[in-house]
Number of protein chains: 2
Amino acid sequence: MSTSGRQPGAFRAELVAVVASVGEDGPAVLASGDPLQLPAGELRADHDSLQEGVRAFAAEQTGHTLGYVEQLYTFADLGRGDGTGRVISISYLGLTRADTTAPEWAGAYTLLPWEDRRSVGTEQVLIDDLSRWVRGVRGAAREARQERREHLFGIGSMPWRPELALQRYELLWEAGIVAESPRASAVRPESGAVMLHDHRRIVATGLSRLRSALQYRPVVFELMPPTFTLGQLQDVVEAIAGQDVHKQNFRRLVEQQHQLVEPTGDLSHGTGGRPARRYRFRREVFAERAQVGTKLPIPRGR
Amino acid sequence: MSTSGRQPGAFRAELVAVVASVGEDGPAVLASGDPLQLPAGELRADHDSLQEGVRAFAAEQTGHTLGYVEQLYTFADLGRGDGTGRVISISYLGLTRADTTAPEWAGAYTLLPWEDRRSVGTEQVLIDDLSRWVRGVRGAAREARQERREHLFGIGSMPWRPELALQRYELLWEAGIVAESPRASAVRPESGAVMLHDHRRIVATGLSRLRSALQYRPVVFELMPPTFTLGQLQDVVEAIAGQDVHKQNFRRLVEQQHQLVEPTGDLSHGTGGRPARRYRFRREVFAERAQVGTKLPIPRGR
DNA sequence: GAGTAAATGCTGAGAGTGAGCATAACACTC
DNA sequence: GAGTGTTATGCTCACTCTCAGCATTTACTC
């Protein structure tokens, strides 16, 4: 391919991180400023690898080390950023265990309220908005919109699939229900907090990826304290998935995962009921199963 | 984050494409030169989006348009390339329908022979090499290696999972069984053809992604002629998955996918047996299900 | 007519999942 | 110290999916 572009080799590149942690009130991501923005830093030449770069600058900014790091997506479209030339943004997901009550943490479901279905949140408003959007066209196009709406939001016989968070965001964006960049717009509380540029889309990407990873990699444990009860583990899984899970089935699954966790021997008292056994993640299996065969349940909701 | 790097904003960026097509002898990717290399081109400023860039330069180079395009991964580690500074490589997977007998196509299983298990290929040699690698260390490390080998290669009670192609490549690379860059090395025929730099790893990434996509998106049809028999469809799926599938179950699954395909009405004669019904992909469902709920079977092999 | 490939119908084993009932063990109240 | 609420834990059952075969029919090619 010939290089007929005008600036053959000059691009600014930055790392954008979705640093996630799970606290009492659910998952949260590092974000600060007004409008909220994700931590980002110019790509530096003194990092051997991108992963290393992400880890380093997350440590600088937060004092926390990231347990798990995964590349999300690279954005380089024109029309992003501030018009000072094309910026290549390489986005990463990083998991850590931090106190999310500090002000620099933004609740994931403050940004994407419809993704939390634990307490039968009345996201009905958005569904209705979508209905109007569906009816905005006729014929085959309307059917297509209708199908997407039903598939993504688990309407009718379709299940709600937590890992489709990004696609839901994109649908809502197309429908004009959520806004990117803080333009003046008729933003309802149900449509969540706006972020700078396309940062909220990146958060949605991260949530999607995290929810997917949950199903086949032992990533939850990066968000857990060293020892924990199965109840606590379930709470974290539910927080990430945004869905309640059947308690008995959850323990069955965790326990039958061959040697994924092991009991420490002591109990957790004072939780108001029968004391729970404490468990520890068997870090030994991490290397082996980093990529394979560790599934925690994300149920398909009804 | 402060910009303490020495060259804050100067990076070369390129697009690298894994352009795949399926012909008589299985999946193939565009690659030429000696050593073989993937088509790549400098990122140009006159493309609005990366996708558009990939499509444009694939069209330039091959004359074929890509039906499906998906971003794979962005590489920007030092130590890649030719030492003339850091290059950011954004890799893409693109599917097309082309005659793969032309010389610029390299068979995917020439590059990654162990990924084709259709004809009970005797990849036993590699398994044995891996056994030696496992025995190269002691204690817990040995167990970890052993576990990884069993998980990834479907040994013992573990199933062979086609979509783990990348992880298998990485394991073989760690074990020194496949080489990157054409260094002089004891390369066996069983370890496949070497490519430039890390290009073979990118092919493995593409194969992994393609096999995953197969399970929940109607991407196969991008590789099929406008009309086809279920037998042909099965052949292509098997070629990509590198695995045979149970015929009756395959048809059952395809047919019960609500309106995914429809019979054209005419038959395919001259195949040596009873003529098969020809089908056509219902492109209408593509938009709706682009992201959701179209699963074709990739079986877990025994 | 023989051979072959495709379509079609059916079946049963087994795994996995969703959902519920029942019991156990604590804290707290009266 | 009995009762109540709450959480943990154990067990069962129905149901769906998937895998994997068997058998039969059809209609072409050679």
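For the numbers below, each heavy atom of this structure counts, side chains included, while hydrogens, waters and symmetry mates do not. Bear in mind the structure is a predicted one, so any value in this text is a computation, not a measurement. All chains are named by letter (A, B, ...) in the order of the sequence lines, taking the proteins before the strands, and each is independently numbered beginning at 1.
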Closest approach to the side chain of [X], judged atom by atom: which nucleotide of [options] is it?
X	options	value
B:Gln248	C:dG20, D:dA20, D:dA23	D:dA23
B:Asn249	C:dG9, D:dG10, D:dA20	D:dA20
A:Thr229	D:dA8, D:dG21, C:dA22	D:dA8
A:Pro275	D:dG10, C:dA19, C:dC26	C:dC26

(message) So A:Gly272, base contact, sugar-phosphate only, or nothing? Heavy-atom distance under 4.0 Å.
(response) base
Given atom [atom1] of [X] and atom [atom2] of [N], what is their separation to the nearest angstrom?
X	N	atom1	atom2	answer
B:Asp266	D:dA27	CG	P	16 Å
A:Arg277	C:dA25	CZ	P	11 Å
A:Arg274	D:dG5	CZ	P	19 Å
B:Asp244	D:dA20	CG	C1'	14 Å
A:Leu253	C:dA19	CG	P	14 Å

(request) Could you say whether B:Tyr279 or A:His269 is positioned toward the 5' end of DNA chain C, judged by the nucleotide with the nearest heavy atom to each? (result) B:Tyr279
Between [Y] and [X], do the side chains contain a donor N or O and an acceptor N or O under 3.5 Å apart?
X	Y	answer
A:Ser208	A:Arg168	no
B:Arg280	B:Thr264	no
A:Arg209	A:Tyr73	no

(request) Answer yes or no: is there a donor N or O on one side and an acceptor on the other, between the side chain of B:Arg97 and the main chain of B:Phe221, under 3.5 Å? (result) no
(message) Looking at D:dT7, I'd like to know if its phosphate oxygens (OP1 or OP2) sit under 4.0 Å from a side-chain N or O belonging to A:Lys247.
(response) no
(request) Check whether the side chain of A:Arg252 and the base of C:dG18 form a donor-acceptor pair under 3.5 Å. (result) yes
(message) Between A:Gly273 and A:Leu230, which residue's closest nucleotide on DNA chain D lies nearer the 5′ terminus?
(response) A:Gly273
(request) Flag the pair B:Thr229 / B:Tyr279 as yes when at least one side-chain heavy-atom distance between them is below 4.5 Å, and no otherwise. (result) no
